[in-house]
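Throughout, residue positions are numbered sequentially from 1 according to the sequence presented. We count ligands from 1, going down the list as the structure has it; atoms in each ligand are counted the same way. When reading the values below, keep in mind they use all heavy atoms of this one structure, side chains included, and skip hydrogens, waters and symmetry mates.
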Amino acid sequence: MKNIAIICSGGDVSGMNPALKHFVEYSIEKGLKPFFVYHGYEGLIDNNIKEVTYKDVSGIINRGGTIIGSARSMRFKEAKYRQIAKDNLDALGIDMLVVLGGDGSFRGLDIFYQEHGIKFCGIPATIDNDINGTEYALGVDTALNIIKTSIDAIRDTASSFRRAFVVETMGRDCGYLALVSHLTSGSELCLIPEKKYDLKDYEDRFKQEIKDGRGYFIAIVSEGIKQKSSEIAEWFEKTIGIESRVTVLGHIQRGGNPTIYDRLMAYKFVAKAIDGLLNSIDSSVVCYTKKGFEYKSISEVTSQVKQLDEELLVLI
Ligand code: ADP
């Protein structure tokens with residue numbers, strides 16, 4: 001019987017728990033012995049690795065986060081610690097890994113594979129949706145739904161009280177969350193790193209709209225733009241002439257119970273990852289594209305910055 005382990009690395013996302021559940025079920029179905037590695041690559045080094053069964057994943061499908069923890073590991077960047085990780089895996093007879101994470105995590109495991117031959121398959125998991133080569137990363141849909149609920153709530157208070165609300169979303173240098181939230185929440189302004197803007201272009205229109213009776217504005221601002229959200233709020237107050245407030249959504253975007261879509265994608269990503277490893281695809285990332293699921297090389301996924309979909313970009 002072959003042994004296989006799963007790890008969550010880097011930022012956690014909602015959808016990791018359904019992935020863990022299906023990892024255990026699908027591994028057993030395929031005649032593999034499943035293991036969990038706790039707390040990211042730290043767990044590989046500290047031998048925090050445990051064989052698991054169905055019992056370990058009961059009652060977790062509806063929970064956000066990850067029951068095995070996730071971490072960033074500085075030690076894994078050093079060859080001597082990767083040797084310890086390899087020795088730990090050898091002792092347990094594990095030579096296949098599934099990793100849920102971002103491009104940094106994939107780069108790390110690729111180095112490990114080159115050095116020690118431990119096969120792995122990456123599953124894109126980040127709410128930022130900034131991984132090149134995949135249209136979708138686990139956790140994005142849940143994050144978008146959390147943002148939607150938050151903006152809907154903000155709209156209730158904004159419409160009762162004449163104000164501009166500047167809502168800051170996560171995403172690092174990628175404006176995907178802000179862009180999709182803008183399009184699906186009907187906000188008045190969307191600022192993202194991928195699109196140059198000049199606030200002057202909105203001045204006349206927004207002032208006219210106030211004269212015409214507009215009572216409130218909602219602006220969705222990605223954390224990666226050059227200006228601070230407070231500066232955008234100040235612009236609303238000083239230039240447009242409406243009291244304003246900033247709401248930084250922050251880490252609530254990473255939590256919440258996984259949506260149906262994330263549960264389903266978790267199942268599909270995991271099955272594809274295990275299938276790939278069983279079919280001798282030794283070092284890859286399962287990507288979801290317009291053509292369906294594809295295995296891509298680490299270099300393809302990590303060498304370029306993801307571009308936003310032009311079809312969406314032209315809409316703002
Ligand atoms: P993400 O996977 O979300 O992009 P990070 O970039 O923080 O997150 O990477 C997660 C972990 O992957 C790091 O803490 C480190 O342990 C490992 N890693 C990243 N880059 C390397 C590298 N060049 N060599 C070895 N390990 C790495």
Side-chain angles (χ1 to χ4, degrees), residues 5-17 19-20 36-49 64-66 68-89 97-134 136-140 142-143 169-177 193 222-224 250-251 253-255 262 265-266 269-270 273 283-288 296-306:
I6 192 165
I7 310 176
C8 299
S9 174
D12 62 286
V13 303
S14 205
M16 284 178 162
N17 281 333
L20 296 176
F36 283 167
V37 178
Y38 294 85
H39 303 296
Y41 301 158
E42 290 286 290
L44 284 179
I45 299 165
D46 296 334
N47 205 18
N48 202 346
I49 306 168
T66 159
I68 63 172
S70 187
R72 297 203 163 87
S73 168
M74 293 313 287
R75 290 188 295 166
F76 198 70
K77 293 187 176 178
E78 292 180 47
K80 67 174 179 188
Y81 289 109
R82 291 196 295 271
Q83 181 63 54
I84 294 172
K86 159 75 172 160
D87 294 343
N88 288 336
L89 290 171
L97 299 175
V98 172
V99 60
L100 296 150
D103 48 5
S105 301
F106 303 152
R107 220 173 284 128
L109 266 203
D110 197 40
I111 291 168
F112 192 51
Y113 169 73
Q114 306 291 341
E115 279 174 353
H116 298 294
I118 298 285
K119 294 170 259 182
F120 78 98
C121 188
I123 294 178
T126 162
I127 65 164
D128 300 340
N129 211 12
D130 62 349
I131 299 176
N132 187 51
T134 188
Y136 192 74
L138 202 61
V140 171
T142 305
T169 56
M170 280 183 163
R172 292 190 288 188
D173 296 326
C174 178
Y176 183 84
L177 290 178
S222 180
E223 68 177 354
H251 284 81
Q253 293 163 96
R254 288 236 299 250
D262 269 326
M265 287 303 278
F269 271 129
V270 161
S283 159
S284 73
V285 177
V286 197
C287 293
Y288 185 67
K296 295 197 176 177
S297 69
I298 309 309
S299 60
E300 183 175 353
V301 171
T302 61
S303 62
Q304 283 169 43
V305 174
K306 178 167 168 162

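- Scanning all protein heavy atoms for the shortest distance to atom 11 (C) of ligand 1 gives Ser9 OG, 3.8 Å.
- The option with the heavy atom closest to atom 18 (N) of ligand 1, from among Cys8, Gly122, Ser73, Gly104, is Gly104.
- The backbone N or O of Thr134 lies less than 3.5 Å from a partner atom in the side chain of Lys306, making a donor-acceptor pair.
- Annotation: Arg72 places an N or O atom under 3.5 Å from an N or O atom of ligand 1; distance criterion only.
- Remark: the backbone N or O of Gly101 is not paired with any side-chain donor or acceptor of Ser9 at under 3.5 angstrom.
- Residue Ser105 places at least one N or O, backbone or side chain, under 3.5 Å from an N or O of ligand 1.
- A donor-acceptor contact shorter than 3.5 Å links the side chain of Asn132 to the backbone of Glu300.
- Counting heavy atoms under 4.0 Å from ligand 1, residue Phe76 touches it through both backbone and side chain.
- Looking at atom 26 (N) of ligand 1, its nearest protein heavy atom turns out to be Gly108 CA, 3.3 Å.
- Taking every heavy atom of Tyr41 and a limit of under 4.0 angstrom, the matching atoms of ligand 1 come to 12 (O), 16 (O), 17 (C).
- Between the side chain of Glu115 and the backbone N or O of Phe112 there is no donor-acceptor pair closer than 3.5 Å.
- Heavy-atom distances between Thr126 and ligand 1 stay at or above 4.0 Å for every pair.
- Within the listing of ligand 1, atoms 1 (P), 2 (O), 3 (O), 4 (O) sit less than 4.0 angstrom from a heavy atom of Gly102.
- A donor-acceptor pair is defined here as one N or O able to donate and one able to accept, closer than 3.5 Å; no such pair exists between the side chain of Arg254 and the backbone of Ser14.
- A donor-acceptor pair under 3.5 Å is formed between the side chain of Asn88 and the backbone N or O of Leu44.
- Here Ile111 has side-chain heavy atoms under 4.0 Å from ligand 1, and that is the only part of it that gets that close.
- Put simply, the side chain of Glu223 never gets that close to the backbone of Met170: no donor and acceptor are under 3.5 Å apart.
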